[in-house]
Protein chains: 2
Amino acid sequence: MITNPEGAREILLTRGIKPTYQRQTILRAVLEKRTHPTIKALYDHLLPAIPTLSKTTLYSTLELFASRGLVSRLSIDSGEARYDGFAAPHHHFLCEACGAIIDLDIACPAARRGQVDGHKIKEIHGYFKGVCKDCQSHVQYKIPRRLSHA
Amino acid sequence: MITNPEGAREILLTRGIKPTYQRQTILRAVLEKRTHPTIKALYDHLLPAIPTLSKTTLYSTLELFASRGLVSRLSIDSGEARYDGFAAPHHHFLCEACGAIIDLDIACPAARRGQVDGHKIKEIHGYFKGVCKDCQSHVQYKIPRRLSHA
DNA sequence: ATACAATTTGTAATGATTACAAATCCAGAG
DNA sequence: CTCTGGATTTGTAATCATTACAAATTGTAT
Ligand SMILES: [Mn+2]
Ligand SMILES: [Mn+2]
Ligand SMILES: [Zn+2]
Ligand SMILES: [Zn+2]
């Protein structure tokens with residue numbers, strides 16, 4: 001949701017992160033892609049824009065972003081991590097048929113309170129798994145997909 | 001929560017699983033351990049009882065149990081998977097200080113309905129991360145612990 | 001005892017992530 | 001402008017959980 005070309009740079013500056021070309025480009029990608037991409041997907045997507053990009057840079061940059069609250073890392077299944085540029089806490093639905101990860105808007109009472117049973121909450125991860133609305137209307141799965149560790 | 005020595009055997013039989021010695025012993029361990037153990041923890045715990053045990057057997061057996069609803073597999077962080085013998089859906093709290101995984105009893109409206117936004121729900125994973133009640137009352141962390149991928 | 005299928009086991013392969021050091025970049029000093 | 005030190009980026013190797021696969025073992029029916 002960056003509206004102007006300078007958006008990524010300004011976001012980085014407000015967080016005290018030096019806005020290098022790599023960081024701006026990576027941030028733009030993770031903010032624009034609403035698919036909760038994996039490292040591999042981001043790497044393939046970014047290679048044209050950053051021909052020298054290394055996966056190590058992706059890992060370290062995304063960890064930097066996550067530590068500053070710019071992105072969140074999802075461990076929705078035991079395979080590859082996924083990155084979400086929509087940083088506000090929200091729940092996710094993983095479709096076991098097409099593999100899509102869909103944002104959910106579910107009110108979580110515990111989140112508001114900031115604690116459960118006296119335990120202080122710093123992160124909330126709500127994961128639902130099943131068959132998405134779109135896949136239910138088809139008889140066959142759209143994309144035969146191997147879910148990791150399935 | 002097996003009350004008699006034959007409990008594990010009977011549970012396996014009711015699920016149509018041949019109750020071998022390994023399976024009974026593994027099932028007993030995962031039902032009795034309420035710590036959401038990793039494969040490695042289960043392996044170390046079971047080695048005295050099953051000296052010939054291989055990790056491959058643990059992986060395949062726990063996957064068999066999970067597919068029959070006897071246990072659930074948690075992906076609460078991107079490191080090792082954890083196994084839960086308490087199969088009824090419930091939420092979890094991971095303490096970033098001591099590493100404990102604590103069961104929570106939180107009502108989830110979406111779970112009752114069986115769907116969200118038209119997506120059919122088959123699994124629910126509610127993960128909270130933070131500092132548990134016990135660790136908050138101590139100034140120092142009890143066990144300096146390396147959280148995976150931290 | 002024999003044969004056969006299921007189960008268990010050991011080893012190798014896979015694949016994501018991390019560790020680490022060399023290469024590169026870049027802002028400031030002179 | 002040139003030099004320089006620290007931050008950043010990159011490439012390669014190591015780590016580690018998990019899976020693949022085939023051999024060994026087990027148990028049961030004939
Ligand atoms: Mn999301
Ligand atoms: Mn539990
Ligand atoms: Zn789908
Ligand atoms: Zn704790």
Side-chain angles (χ1 to χ4, degrees), chain A residues 8-9 12-13 15-27 29 36-44 46-68 70-71 73-83 99 145-150, chain B residues 8-9 12-13 15-27 29 36-44 46-68 70-71 73-83 99 145-150:
Chain A
R9 156 170 262 139
L12 290 170
L13 286 174
R15 303 281 178 146
I17 301 173
K18 189 193 286 189
T20 65
Y21 173 72
Q22 282 89 340
R23 287 171 176 169
Q24 292 180 56
T25 311
I26 293 170
L27 181 57
H36 309 90
T38 62
I39 286 281
K40 186 179 183 312
L42 281 171
Y43 182 77
D44 292 342
L46 287 167
L47 215 48
I50 318 177
T52 61
L53 183 64
S54 79
K55 288 215 179 105
T56 301
T57 300
L58 262 186
Y59 276 107
S60 65
T61 301
L62 290 167
E63 185 198 338
L64 172 68
F65 290 175
S67 73
R68 305 299 178 88
L70 281 180
V71 309
R73 171 153 68 177
L74 311 184
S75 300
I76 194 166
D77 58 39
S78 47
E80 306 157 76
R82 292 175 168 272
Y83 294 87
R145 199 184 97 91
R146 177 181 305 275
L147 287 173
S148 58
H149 308 300
Chain B
R9 155 170 263 137
L12 290 171
L13 286 173
R15 303 281 179 145
I17 301 173
K18 188 192 286 189
T20 67
Y21 173 72
Q22 283 89 339
R23 286 169 176 171
Q24 292 179 55
T25 310
I26 293 171
L27 180 57
H36 309 89
T38 61
I39 286 280
K40 185 177 184 312
L42 281 171
Y43 182 77
D44 293 341
L46 287 168
L47 215 48
I50 317 175
T52 62
L53 183 65
S54 80
K55 288 219 179 101
T56 302
T57 301
L58 261 186
Y59 276 106
S60 65
T61 301
L62 289 168
E63 185 198 339
L64 172 68
F65 290 174
S67 72
R68 305 300 177 87
L70 282 180
V71 309
R73 172 153 68 175
L74 311 184
S75 300
I76 195 166
D77 58 39
S78 47
E80 306 157 75
R82 292 173 170 272
Y83 294 88
R145 198 184 100 89
R146 178 182 305 274
L147 287 175
S148 58
H149 307 300

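Residue numbering restarts at 1 for every chain, and letters A, B, ... go by the order of the sequence lines. In this text the structure is predicted, and so the values were computed from the model without any measurement.
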Using whole Å, what does the distance between atom [atom2] of nucleotide [N] and atom [atom1] of [X] come to?
X       : N      : atom1 : atom2 : answer
B:Ile50 : C:dT9  : CD1   : C1'   : 12 Å
B:Asp77 : D:dC16 : CG    : P     : 15 Å
A:Leu46 : D:dT10 : CG    : P     : 11 Å
A:Leu53 : C:dA23 : CG    : C1'   : 16 Å
B:Ile26 : C:dT7  : CD1   : C1'   : 11 Å
B:Leu42 : D:dT18 : CG    : P     : 12 Å
B:Leu58 : C:dT9  : CG    : C1'   : 12 Å
A:Lys55 : C:dC20 : NZ    : C1'   : 18 Å

[X] and [Y]: which non-hydrogen atoms are nearest, and at how many Å?
X       : Y       : result
A:Gln24 : A:Ala8  : O-CB, 3.7 Å
A:Pro19 : A:Leu12 : CA-CD1, 3.8 Å
B:Asp77 : A:Ser75 : C-OG, 4.0 Å
B:Gly16 : B:Arg68 : O-NH1, 3.9 Å

Distances under 3.5 Å only, N/O to N/O: pair up the protein atoms with those of nucleotides 11-16 of chain C.
{"residue": "C:dT11", "atom": "O4", "partner": "B:Thr56", "partner atom": "OG1", "Å": "3.3"}

(message) Near DNA chain C, counting only heavy atoms under 4.0 Å, which residues of residues 15-23 of chain A show up?
(response) none
Has the side chain of [X] got a donor or acceptor atom that lies under 3.5 Å from a matching backbone atom of [Y]?
X       : Y       : answer
B:Arg82 : B:Leu74 : no
A:Ser60 : A:Thr56 : yes
A:Arg23 : A:Lys18 : yes

(request) In sequence, state the C-alpha distance, the side-chain angles, and the governing distance for A:Leu58 and A:Leu46, and then conclude on side chain to side chain contact (heavy atoms under 4.5 Å, CB included). (result) CA-CA 10 Å; A:Leu58 262 186; A:Leu46 287 167; 3.9 Å; yes
(request) Could you check which of C:dT9, C:dT8, D:dT10 has an atom nearest any side-chain atom of B:Thr61? (result) C:dT8
(request) Go through B:Ile39 and B:Glu80 one step at a time and tell me if the side chain to side chain contact (heavy atoms under 4.5 Å, CB included) criterion holds. (result) CA-CA 8 Å; B:Ile39 286 280; B:Glu80 306 157 75; over 6 Å; no
(message) Is the phosphate of D:dT10 approached by A:Thr52 (side-chain N or O, under 4.0 Å from OP1 or OP2)?
(response) yes
